[in-house]
Amino acid sequence: MLQRPALPFSRQMHVSFNLAADLDTVLKSTAAAAGLEDAAAFAPEVRTADPRHGDFQANGVLGYAKARKLNPRATAEKLVAALPDSVREAYDFTIAGPGFINFTLKPTALFAWLRAHDSAAHLRAGAAAAHANQTWVVDYSSPNTAKQMHVGHLRSAVIGEAICRLLEFTGAKVVRDNHLGDWGTQFGKLIYGYKRWADPAALATDAIEELERLYKLGHNATPDGSPALDEARAELVKLQNGDPENVALWQKFSDVSLAAFQQIYDRLGIKFDHNLGESFYNDKVERVYRELTELEIAETSEGALVVFHPEHPRFKTQPFLMRKADGASNYASTDLATALHRVEQFKADGIVVVTDFRQGDHFEQLFLTVKKWFAAKSYRLPELHHVTFGAVTGEDGKALKTRSGDVIKLKDLLNEAEDRAFAIVAEKNPDLPEAGRRDIARAVGLGAVQYADLSQNRSSNYVFSWDKMLALDGNTAPYLLYAVARIHSIFRKLGLDPAGDCHPLDDKPIPTPPREKPDVCHLMDDKHPGARMAFEAGATAFETAAELALARKLAKFPDAIRLAGDTLRPHFLCLYLYELAGEFSAFYTADKVAVDDSGIRARRLMLCARTLLILETGLHLLGLRTLTRM
RNA sequence: GCGACGGUAGCUCAGCCGGAUAGAGCAACGGUUUUCUAAACCGUCGGUCGCGAGUUCGAGUCUCGCCCGUCGCGCCA
């Protein structure tokens with residue numbers, strides 16, 4: 001997997017991105033060099049360590065030695081004795097306890113890592129090995145058309161977008177696909193209501209609001225068993241049979257819905273590549289029925305076409321119902337067609353579907369079915385991931401509702417976030433002009449909502465609390481944004497540009513990182529790339545506890561990215577960024593940056609620049625906008 | 001009934017392939033500002049990791065049983 005020589009640090013100024021991964025590789029080959037028996041089976045298990053013990057620790061010796069009835073400490077000593085110079089140059093190491101090997105980066109190696117990873121492009125180039133040359137389709141948000149997005153749509157959108165960005169950062173080509181709920185029986189009632197009571201003025205001002213009103217009217221006018229319900233069903237049949245008038249209405253519903261959704265998406269930094277809703281797969285389900293029937297994966301049961309999985313304890317009797325007894329398709333059939341389309345049209349290596357946990361059974365059955373189907377047909381089988389998340393509840397533990405008990409519209413929720421943030425900004429920073437405060441409030445308010453959703457393990461329910469998400473203490477967006485703003489402030493005061501790279505995720509191609517940097521630094525000048533870090537020239541070695549703690553935390557960024565990307569759990573990145581911001585705040589308090597000693601000042605500016613780079617890169621990966629002041 | 005997810009400090013949550021003395025924030029109490037944004041920092045207090053067994057050098061983490069909560073389980077998505 002690693003094509004580069006696995007040296008954590010070498011004289012060629014080549015520095016690995018993920019130090020832990022490279023250390024693991026080196027230790028594995030060291031085991032062979034040290035003559036350990038069965039060395040090929042030795043797994044070093046290098047991971048980031050509690051800072052009290054060092055930067056990284058290798059725990060693998062214990063399990064390895066125990067399985068072979070060896071003395072773990074003696075084995076560890078043998079291994080350590082054979083460590084190559086590359087490791088000796090870069091790390092101090094000790095054997096501790098029963099046989100842990102602790103590695104602490106030497107300040108020179110730490111310095112070299114920070115020197116090398118000085119731009120978003122370099123960070124991305126380092127991270128891109130994980131999903132290089134892969135295409136991933138991410139299916140998220142996926143609201144129903146002709147309805148408002150409400151608070152229940154927040155998590156899928158926010159988590160999905162963060163996952164897209166993580167996958168892109170780790171090298172994947174990402175296809176963002178909004179699998180809209182744009183087909184179904186509700187359109188019969190909506191058309192019924194629309195044809196009788198549509199208000200053109202209301203449609204012009206807030207179309208979605210009006211469509212919701214018309215659906216309710218249509219629904220209330222067509223109780224079970226009524227002749228009106230038959231009429232509504234007739235409208236649905238006409239739509240399904242391609243009646244031009246109803247198709248045009250349906251198209252209008254979709255168009256105005258998408259326009260309304262985009263207003264939300266714009267605020268959350270989301271832009272879909274495709275909006276292939278259920279309707280798109282109408283003419284593609286026949287093939288699914290045919291192939292699954294021919295393959296005898298599907299069978300008829302009680303008039304419906306279903307799939308059972310005999311090898312599965314539950315799904316051998318719990319059917320996957322893919323065509324209703326009346327012949328109509330349902331979401332199982334369209335989801336099967338969707339999987340096929342993503343593989344055939346997008347050449348997906350991975351598919352990620354982001355929905356709440358209640359759909360767990362459905363996707364488990366879907367994926368089991370897809371695996372059998374694709375295997376039988378020799379279709380390429382992508383990685384299939386159902387990314388689930390828990391419910392959003394109020395502080396009483398119940399579903400989030402307005403005071404009057406209605407569903408909270410997402411639009412209103414985002415507005416309230418901005419308003420609340422504005423009130424805080426106005427209080428904390430009254431000197432700022434109105435426009436500046438508004439802009440800060442937008443970033444802080446929306447960021448707070450996004451970050452609150454992302455910072456918690458997505459598997460559990462999450463308690464929505466304005467006060468907690470907008471707090472300046474703790475693992476919150478304002479705390480992180482404040483750290484970013486303080487760093488900008490330092491550079492602003494000194495008249496310096498922290499890197500000219502304040503928006504690290506702008507659409508730049510992933511470049512091959514330049515490997516040489518000029519030793520001679522020039523005055524800051526945008527026309528001389530590579531010279532913009534002039535303020536770092538003459539930086540001396542890190543000395544203070546706060547400098548070292550911050551520097552060491554910075555070098556753990558690759559591990560956070562790897563963990564979040566591998567598990568599709570953005571909260572690992574959040575936690576890292578929070579800890580990094582904490583280290584920075586401690587450093588900021590303990591060590592003044594703008595000191596007279598040029599060497600000290602240069603190295604502290606370098607720490608500031610790297611902290612800013614990684615905080616901003618990380619926050620942008622989460623979908624947040626960062627600020628230069630707040 | 002079967003299954004998924006959750007149960008860790010008073011509250012809200014982290015805790016990666018089993019690893020070292022289980023960590024944060026809030027709340028409570030105490031301290032820090034002629035210095036780059038105090039929207040900050042430092043400290044103190046706070047634990048039967050739901051309960052009980054088991055596996056092992058080592059369990060919050062794995063296995064089994066039980067309790068509690070949320071949710072899912074045939075024609076909604």
Side-chain angles (χ1 to χ4, degrees), chain A residues 43 45 47-50 52-53 57 59-60 62-63 65-66 72 96-100 102 142 144 179 181 183-186 278 301-306 313-315 317-326 328 330-332 334-335 355-362 364 388-391 393 395 397 424-425 427-429 444 455-457 459-463 465 467-468 470-476 478-479 481-483 485-494 559-560 562-563 566-567 569 571-572 574-575 578-579 582 585-595 604 608 629-630:
Chain A
E45 289 182 35
R47 63 192 64 179
T48 56
D50 184 316
R52 284 172 296 190
H53 301 127
Q57 59 179 320
N59 296 349
L62 281 106
K66 183 181 158 259
F100 303 113
N102 292 331
S142 308
N144 293 325
H179 194 70
W183 201 250
T185 50
Q186 73 272 26
E278 287 160 345
S301 167
E302 298 176 27
L305 189 64
V306 304
R314 217 151 26 91
F315 301 141
T317 52
Q318 181 179 323
F320 186 54
L321 203 153
M322 55 182 280
R323 187 180 62 203
K324 302 194 280 190
D326 64 4
N330 67 356
Y331 80 135
T334 51
D335 279 359
T355 79
D356 72 87
F357 69 105
R358 290 175 301 190
Q359 298 187 44
D361 276 2
H362 168 74
E364 200 179 339
T388 63
F389 50 84
T393 71
E395 294 186 67
I424 295 171
V425 176
E427 179 203 329
K428 301 284 188 190
N429 216 337
V444 172
S455 59
Q456 186 168 323
N457 184 339
S459 298
S460 42
N461 290 352
Y462 125 69
V463 179
S465 163
D467 290 342
K468 286 203 168 66
L470 286 165
L472 272 300
D473 308 292
N475 192 3
T476 66
Y479 180 78
L481 293 174
Y482 179 60
R486 288 219 282 194
I487 300 173
H488 276 293
S489 179
I490 293 171
F491 284 97
R492 197 162 48 235
K493 279 271 161 62
L494 294 173
D559 192 64
R562 176 197 60 76
L563 194 54
D566 285 357
T567 59
R569 289 183 185 270
H571 81 283
F572 285 118
C574 294
L575 183 64
Y578 170 55
E579 288 173 351
S585 294
F587 160 77
Y588 180 91
T589 307
D591 297 335
K592 187 168 170 62
V593 176
V595 293
R604 290 184 181 168
C608 288
R629 64 181 87 214
M630 67 182 271

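Atom set for the values below is all heavy atoms of this structure, side chains included, hydrogens, waters and symmetry mates excluded. Note that this is a predicted model, so its numbers are computed, not measured. To find a chain, count down the sequence lines: A is the first, B the second, and so on, and within it residues start at 1.
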So what does [X] hit on the nucleic acid, given a heavy-atom distance under 4.0 Å: a base, only sugar-phosphate, or nothing?
| X | answer |
| --- | --- |
| A:His362 | nothing |
| A:Arg629 | base |
| A:Ser301 | base |
| A:Gln318 | sugar-phosphate |
| A:Pro478 | nothing |
| A:Leu575 | sugar-phosphate |
| A:Ala96 | base |
| A:Glu579 | nothing |

Using atom names, set out every protein N or O paired with an N or O of nucleotides 22-28 of chain B below 3.5 Å, distance rounded to 0.1 Å.
unit_1, atom_1, unit_2, atom_2, d
B:A24, O2', A:Tyr578, OH, 2.9

Contacts of A:Arg323 that satisfy side-chain hydrogen bond (donor to acceptor under 3.5 Å, both in side chains) - sequence neighbours left out: none
Non-neighbouring partners of A:Gln186 that pass side-chain hydrogen bond (donor to acceptor under 3.5 Å, both in side chains), sequence neighbours left out: none
Picking from [options], which would you name as closest to the side chain of [X]?
| X | options | value |
| --- | --- | --- |
| A:Arg358 | B:A20, B:C71, B:A39 | B:C71 |
| A:Gln456 | B:G15, B:A39, B:A14 | B:A14 |
| A:Arg47 | B:G19, B:A40, B:G74 | B:G19 |
| A:Ala325 | B:C75, B:A39, B:G19 | B:C75 |

Whether A:His53 stacks on the six-membered ring of B:A20 base, 5.5 Å and 30° limits: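 Stacked: centres under 5.5 Å apart, planes under 30°.
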Pair A:Phe320 + A:Phe315: ring centers closer than 6.0 Å: no
Could you work out the separation of [N] and [M] based on their [atom1] atoms and round it to a whole Å?
| N | M | atom1 | value |
| --- | --- | --- | --- |
| B:A9 | B:C75 | P | 41 Å |
| B:G58 | B:G18 | C1' | 8 Å |
| B:C11 | B:A28 | P | 16 Å |
| B:C71 | B:A24 | P | 34 Å |
| B:C51 | B:G10 | P | 13 Å |

Partners meeting salt bridge (Lys or Arg N to Asp or Glu O under 4.0 Å) with [X] (sequence neighbours left out):
| X | value |
| --- | --- |
| A:Arg562 | A:Asp559, A:Asp566 |
| A:Asp326 | none |
| A:Asp473 | none |
| A:Arg629 | none |

Watson-Crick or G-U wobble partner of [N], both distances under 3.5 Å:
| N | result |
| --- | --- |
| B:C71 | B:G3 |
| B:A9 | none |
| B:C16 | none |
| B:A38 | none |
| B:C45 | none |
| B:G58 | none |

Where A:Ser585 and A:Arg486 come nearest, the two heavy atoms and their spacing: OG-NH2, 3.7 Å
Whether A:Tyr331 and A:His362 hold their rings parallel, tilted or perpendicular, with breakpoints at 30° and 60°: parallel
Below 3.5 Å is the cut-off: list the nitrogen or oxygen pairs between protein and nucleotides 33-36 of chain B, distance only.
unit_1, atom_1, unit_2, atom_2, d
B:U35, O2', A:Lys592, NZ, 2.5
B:C36, O4', A:Lys592, NZ, 3.3
B:C36, O3', A:Lys493, NZ, 3.0
B:C36, O2, A:Ala594, N, 3.2
B:C36, N3, A:Val593, N, 2.9
B:C36, N4, A:Tyr588, O, 2.6
B:C36, N4, A:Asp591, O, 2.9

Anything under 3.5 Å between a protein N or O and an N or O of nucleotides 55-65 of chain B, put it in a table, one pair a line.
unit_1, atom_1, unit_2, atom_2, d
B:U56, O3', A:Lys66, NZ, 3.4

Pair A:Ser459-A:Arg569, side-chain donor/acceptor within less than 3.5 Å: yes
Residues which pass ring-ring contact (aromatic ring centres under 6.0 Å, His included) with A:Phe100, listed by chain and number, not counting sequence neighbours: none
Syn/anti state for B:C67 [syn: chi within 90° of 0]: anti
Those residues that, when tested against A:Ser465, pass side chain to side chain contact (heavy atoms under 4.5 Å, CB included) (two or more places apart):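 Testing A:Ser465 for side chain to side chain contact (heavy atoms under 4.5 Å, CB included), a comparison that skips the adjacent residues, returns A:Glu395, A:Asp467, A:Lys468.
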When you compare the protein's N or O atoms with those of nucleotides 4-7 of chain B, which come within less than 3.5 Å of each other, and at what distance?
unit_1, atom_1, unit_2, atom_2, d
B:C5, O2', A:Ser459, O, 3.2

